[in-house]
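Side chains are part of it too, since the values below use all heavy atoms of this structure and drop only hydrogens, waters and symmetry mates.
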Amino acid sequence: MEMASVLAGERWSDHPACTHPLLAHLARLVNDFTTDAGRQRLAPLIPSVIGLRSADRRWDHEIALLVATRALPFASVLRRPTVAVGILACERLLAQAEARTSDTLRPSSERALAHDPAAAGWAQEFTRQLGSDHATRHPGPAILEYAVPAIAHSRGADADQILYTLLNDAITLCERLAAREEPATAEAALTAAEAARTAAEAARTAEQPTPVAVALRG
């Protein structure tokens with residue numbers, strides 16, 4: 001991420017302002033848990049993260065959910081229940097943002113949870129007992145910090161390839177989210193511009209004398 005900050009014209013930092021904080025956090029974790037041999041493959045992805053940022057909290061939910069669902073099949077048996085809790089937490093947050101019921105899961109979440117029904121059942125009971133109002137901060141960073149090492153330490157898997165694909169898919173996800181925001185941003189700008197023109201026209205009309213006022217002056 002330091003190179004991304006330089007390419008973006010910022011000061012040297014591994015927390016560049018040009019990239020969404022959670023995406024940048026994922027990039028740092030992937031870099032840290034990739035072997036020296038595999039790390040060279042990550043370099044071409046650096047320019048792709050520049051400019052990918054948003055104030056929409058759904059980006060946090062989407063990134064964290066992607067990481068959790070990708071990690072669960074590779075996590076050890078002991079780690080899977082915690083990763084499953086992360087999946088359900090992100091689903092709950094997305095359900096709130098999308099005005100849908102939290103018991104309706106995305107296909108990617110259903111597939112991940114089906115990999116270990118016991119872990120999924122434990123997570124569902126845990127989240128039920130915990131309730132929906134317990135969160136004081138977004139779980140995204142904690143999910144990433146738990147899920148990425150779970151992938152890196154998986155046995156019998158090409159962890160470098162899985163982590164590379166995960167980061168690449170997260171970048172693609174953010175590009176799609178950014179593309180969805182562009183029409184809304186453009187529409188908002190047009191609406192604001194139209195409102196400004198209407199207000200200016202009203203101000204000019206108010207300044208013009210009425211025929212009655214002209215007649216009285218005459």
Side-chain angles (χ1 to χ4, degrees), residues 19-27 29-30 48-49 51-75 79-148 150-151 162-163 165-192:
T19 304
H20 188 278
L22 199 59
L23 178 61
H25 192 37
L26 175 60
L29 287 168
V30 168
S48 302
V49 304
L52 291 179
R53 63 174 297 109
S54 171
D56 189 340
R57 294 307 303 271
R58 283 176 293 185
W59 282 47
D60 296 271
H61 313 337
E62 295 280 8
I63 295 170
L65 182 61
L66 171 66
V67 174
T69 54
R70 197 67 59 85
L72 192 144
F74 299 101
R79 283 179 176 264
R80 287 175 191 166
T82 304
V83 178
V85 169
I87 292 174
L88 296 179
C90 292
E91 284 283 3
R92 176 178 56 80
L93 291 167
L94 282 167
Q96 293 173 354
E98 297 168 357
R100 60 178 171 85
T101 58
S102 57
D103 57 350
T104 304
L105 303 180
R106 293 185 176 185
S108 60
S109 298
E110 292 180 343
R111 288 193 297 270
L113 293 172
H115 187 84
D116 191 332
W122 183 91
Q124 289 168 347
E125 179 60 21
F126 177 82
T127 54
R128 185 190 67 80
Q129 293 182 7
L130 203 57
S132 59
D133 300 325
H134 67 279
T136 57
R137 61 187 179 88
H138 194 276
I143 291 173
L144 268 58
E145 289 161 13
Y146 197 84
V148 171
I151 295 174
I162 297 168
L163 291 175
T165 302
L166 173 60
L167 179 57
N168 190 55
D169 289 350
I171 293 171
T172 301
L173 168 65
C174 291
E175 289 173 342
R176 288 204 308 269
L177 293 173
R180 291 178 192 173
E181 288 186 1
E182 288 176 1
T185 302
E187 183 179 352
L190 288 173
T191 301

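Taking both residues in full, the closest heavy atoms of Ala150 and Ala75 are given as CB-CB, 3.9 Å, listed atom of the first, atom of the second, then distance. Scanning both residues, Gly140 and Leu22, for their nearest heavy atoms gives C-CD1, 3.8 Å. Taking each heavy atom of Ala64 and His138 in turn, the nearest pair found is CB-CE1, 4.5 Å. Counting all heavy atoms, side chain and backbone alike, Ala84 lies closest to Ala119 at CB-O, 4.0 Å. Closest approach of Arg53 and Thr19 over heavy atoms only: NH1-O, 3.2 Å. For the pair Glu175 and Ser48, the tightest heavy-atom approach, listed with the atom from each and the gap, is OE2-O, 4.4 Å.
Under the rule for a side-chain contact (heavy atoms from CB on, under 4.5 Å), the partners of Cys174 that lie at least two apart in sequence or sit in another chain are Leu23, Leu52, Trp59, Ile63.
When each of Leu72, Val67, Leu113, Ile151 is checked for a side-chain contact (heavy atoms from CB on, under 4.5 Å) with Val83, only Leu72 meets the rule.
Electrostatic pairing of Glu181 and Arg58 does not count as a salt bridge here, judged by no charged N lying under 4.0 Å from a carboxylate O.
Atom CD1 of Ile87 and atom OG of Ser108 lie 8.0 Å apart (nearest 0.5 Å). Atom CG of Leu66 is separated from atom CD1 of Ile143 by 11.5 Å, given to the nearest 0.5 angstrom. Interatomic distance, CD of Glu91 versus CD of Glu98, reported as 8.5 Å (0.5 Å rounding). From Leu105, atom CG reaches atom OG1 of Thr69 across 11.5 Å, with rounding to the nearest 0.5 Å. Going from atom CG of Leu167 over to atom CG of Leu29 covers 10.5 Å, rounded to the nearest 0.5 Å. How far CD of Glu62 is from CG of Asp56: 9.0 Å, rounded to the nearest 0.5 Å.
No side-chain heavy atom of Leu177 sits under 4.5 Å from any side-chain heavy atom of Ser54. Residues Thr165 and Arg70 have side chains in contact (heavy-atom distance under 4.5 Å, counting atoms from C-beta outward).
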Problem set entry | Residues Thr172, Arg176; criterion side-chain contact (heavy atoms from CB on, under 4.5 Å); working and verdict | CA-CA 6 Å; Thr172 301; Arg176 288 204 308 269; 3.8 Å; yes
Exercise. Which is it for Arg57 and Leu93 under the side-chain contact (heavy atoms from CB on, under 4.5 Å) test, yes or no, and what are the steps along the way?
Worked result: CA-CA 9 Å; Arg57 294 307 303 271; Leu93 291 167; over 6 Å; no
